Amino acid sequence: MIYFDNSATTKPFEEVMTAYQKAATQFFANPSSLHYLGSDAERLLMRTRQAVAEQLRIETEEVIFTSGGTESNNLAIKGIAFQHQTRGKHLITSSVEHPSVLEVFKELEQNGFEVSYASVDHSGKVDPEEIKSLIRKDTILISIMSVNNELGTIQPLEEIGDIAGMYPKVLFHADHVQGIGKVPLSLKKAKVDLCSISGHKIHGLKGTGILYVRKGVLLSPLFHGGGHEANRRSGTENLPGMVAFAKALRMIKEKEKKQLNELIHLRHHLINQLNVMEQVIVNSPLSGAPHIINVSVPGIKPEVMIHALAKKNIFVSAKSACSSKQPDVSSVLKACNLKESVTKSAIRISLSYSNTIEEADLFLKEFNSAIRYLEKGR
């Protein structure tokens with residue numbers, strides 16, 4: 001099996017599964033319980049939060065455990081919007097964000113907020129100067145992803161953070177779900193106020209993630225109840241999931257430190273070979289994230305190509321997994337002003353640190369064969 005769909009989800013590390021099982025069986029008590037079993041669970045929760053904070057070089061109180069990227073994005077955007085609406089109801093994002101960001105902004109528009117959508121160039125990159133030009137007196141939030149989930153485009157977060165930092169009332173949220181463990185980001189240097197991270201993108205478990213909230217930033221909670229996570233996310237803590245997330249984060253950070261250059265080399269090898277195929281158009285920028293390659297084969301529907309490759313035990317995807325069952329046209333590629341034939345035929349190849357050159361070469365061979373076979377059938 002060749003698994004090139006790691007941006008949709010990753011296979012959990014064995015060590016993550018072991019850590020989850022141990023925490024679930026040995027620390028099953030509610031961390032809020034007063035007896036010693038609850039105290040043991042609470043201590044593990046505190047150590048886990050500290051471990052995550054150390055990996056991200058932030059404070060322990062700045063970590064909010066969530067159920068993943070979608071909840072983190074919702075909590076960050078809605079939380080800031082509703083908490084600070086008295087000082088302004090204008091929000092800024094880009095036209096190529098993940099659905100869990102764009103759909104939140106659409107809902108907020110229906111609730112009286114005004115949203116400005118920054119445009120992107122042909123590679124999907126935003127212009128920090130346009131972001132600056134969109135800021136108004138009533139702007140309270142800028143939300144821009146670190147890495148585009150379809151193209152792999154790396155956004156200039158440090159430049160945007162510098163701009164946001166010039167306006168005391170403007171907070172800066174980064175969706176770092178696709179970037180964590182592959183594209184280094186210093187939250188402090190980029191002046192990020194809130195940051196979303198998901199566990200299942202880094203060989204952790206589905207239903208786990210965090211939201212970084214800079215100390216001093218106030219936000220309205222989505223959930224109300226027992227006041228968990230310092231009154232920011234009520235609900236009995238998923239301690240085994242938190243432990244699994246911390247383990248996955250530590251391991252992906254180690255791999256980033258040791259194997260990032262290998263992953264970059266693998267991506268460049270694939271891009272170079274794909275560029276040789278005359279039917280193939282590479283949509284991703286060469287300077288993009290080291291694990292994402294978006295290509296189009298005009299005239300061949302993405303789902304047809306995906307099923308053809310799956311028959312060879314090779315797995316890729318179309319667009320974002322969260323919108324892959326929607327109409328063919330990629331809204332991200334459309335926002336880049338690419339031709340309709342390109343936007344309707346795009347597939348995404350997404351890598352992990354466990355993928356190899358041998359897998360890449362076999363994929364290239366079978367991909368080329370599938371193109372020839374499918375073209376004959378048209």
Side-chain angles (χ1 to χ4, degrees), residues 1-20 51-58 69 145-155 157-158 174-187 189-190 195-206 208-210 243-274 282 284-295 314-317 321 348-364:
M1 179 183 75
I2 298 176
Y3 187 72
F4 280 177
D5 195 18
N6 289 281
S7 286
T9 197
T10 53
K11 182 180 180 180
F13 291 130
E14 289 185 13
E15 295 89 339
V16 168
M17 298 301 295
T18 299
Y20 178 89
V52 170
E54 288 174 356
Q55 289 295 328
L56 298 176
R57 298 182 179 181
I58 59 178
M145 63 189 356
S146 65
V147 172
N148 184 266
N149 51 293
E150 290 191 36
L151 286 169
T153 308
I154 300 173
Q155 302 293 6
L157 292 194
E158 288 192 14
D175 173 356
H176 195 38
V177 168
Q178 288 294 344
I180 186 71
K182 290 100 174 175
V183 177
L185 172 66
S186 169
L187 297 173
K189 187 176 181 181
C195 181
S196 306
I197 299 175
S198 177
H200 77 101
K201 307 291 189 180
I202 55 173
H203 305 275
L205 301 180
K206 298 175 184 66
T208 65
I210 69 154
V243 170
F245 176 87
K247 185 71 172 181
L249 180 62
R250 183 179 67 78
M251 292 184 69
I252 203 69
K253 283 291 187 179
E254 288 177 357
K255 289 184 178 295
E256 179 183 40
K257 186 177 180 180
K258 297 177 182 178
Q259 296 178 243
L260 184 57
N261 287 335
E262 295 175 22
L263 190 60
I264 293 171
H265 174 72
L266 178 60
R267 181 178 185 266
H268 284 179
H269 174 73
L270 276 164
I271 289 177
N272 289 338
Q273 296 303 312
L274 288 164
V282 177
S284 294
L286 186 62
S287 59
H291 63 300
I292 297 176
I293 307 171
N294 187 292
V295 301
I314 298 172
F315 302 94
V316 297
S317 64
R348 180 182 65 184
I349 303 153
S350 48
L351 313 170
S352 77
Y353 289 110
S354 63
N355 290 129
T356 65
I357 290 288
E358 291 75 21
E359 288 179 329
D361 287 338
L362 181 55
F363 160 77
L364 290 164

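This structure is a prediction, so every number in the text was calculated from the model and none was measured.
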Legend entry - Listed partners of Lys189 passing salt bridge (Lys or Arg N to Asp or Glu O under 4.0 Å), at least two apart: none
Legend entry - Contact check, side chains of Phe13 and Lys255, non-hydrogen atoms, under 4.5 Å: yes
Legend entry - side-chain hydrogen bond (donor to acceptor under 3.5 Å, both in side chains) partners of His268, counting only residues at least two apart: none
Legend entry - Phe4 vs Arg348 side-chain heavy atoms within contact, under 4.5 Å: no
Inset, instruction - Mind checking ring pair (Phe, Tyr, Trp, His ring centres under 6.0 Å) for Tyr20 and listing every partner two or more places apart, or none if nothing turns up? - result: none
Legend entry - Beyond-backbone contact of Thr10 with Tyr3, side-chain heavy atoms, under 4.5 angstrom: no
Inset, instruction - Would you indicate whether His265, at its atom NE2, is surrounded by more than 12 heavy atoms from other residues, nucleotides or ligands within a distance under 6.0 Å? - result: no
Legend entry - Partner residues of Glu359 under the side-chain hydrogen bond (donor to acceptor under 3.5 Å, both in side chains) criterion, sequence neighbours left out: Asn355
Legend entry - Set of side-chain contact (heavy atoms from CB on, under 4.5 Å) partners for Glu54, sequence neighbours left out: Gln50
Legend entry - Those residues that, when tested against His203, pass side-chain hydrogen bond (donor to acceptor under 3.5 Å, both in side chains) (two or more places apart): none
Legend entry - Residues in side-chain contact (heavy atoms from CB on, under 4.5 Å) contact with Lys11, at least two apart in sequence or another chain: none
Inset, instruction - Name all residues meeting the side-chain contact (heavy atoms from CB on, under 4.5 Å) criterion together with Asn272; count only those two or more places apart in sequence or in a different chain, and write none if there are none. - result: none
Inset, instruction - Go through the structure and list residues passing side-chain contact (heavy atoms from CB on, under 4.5 Å) with Glu254, not counting sequence neighbours. - result: Arg250
Legend entry - Test side-chain hydrogen bond (donor to acceptor under 3.5 Å, both in side chains) applied to Ser146 - qualifying residues, sequence neighbours left out: His176
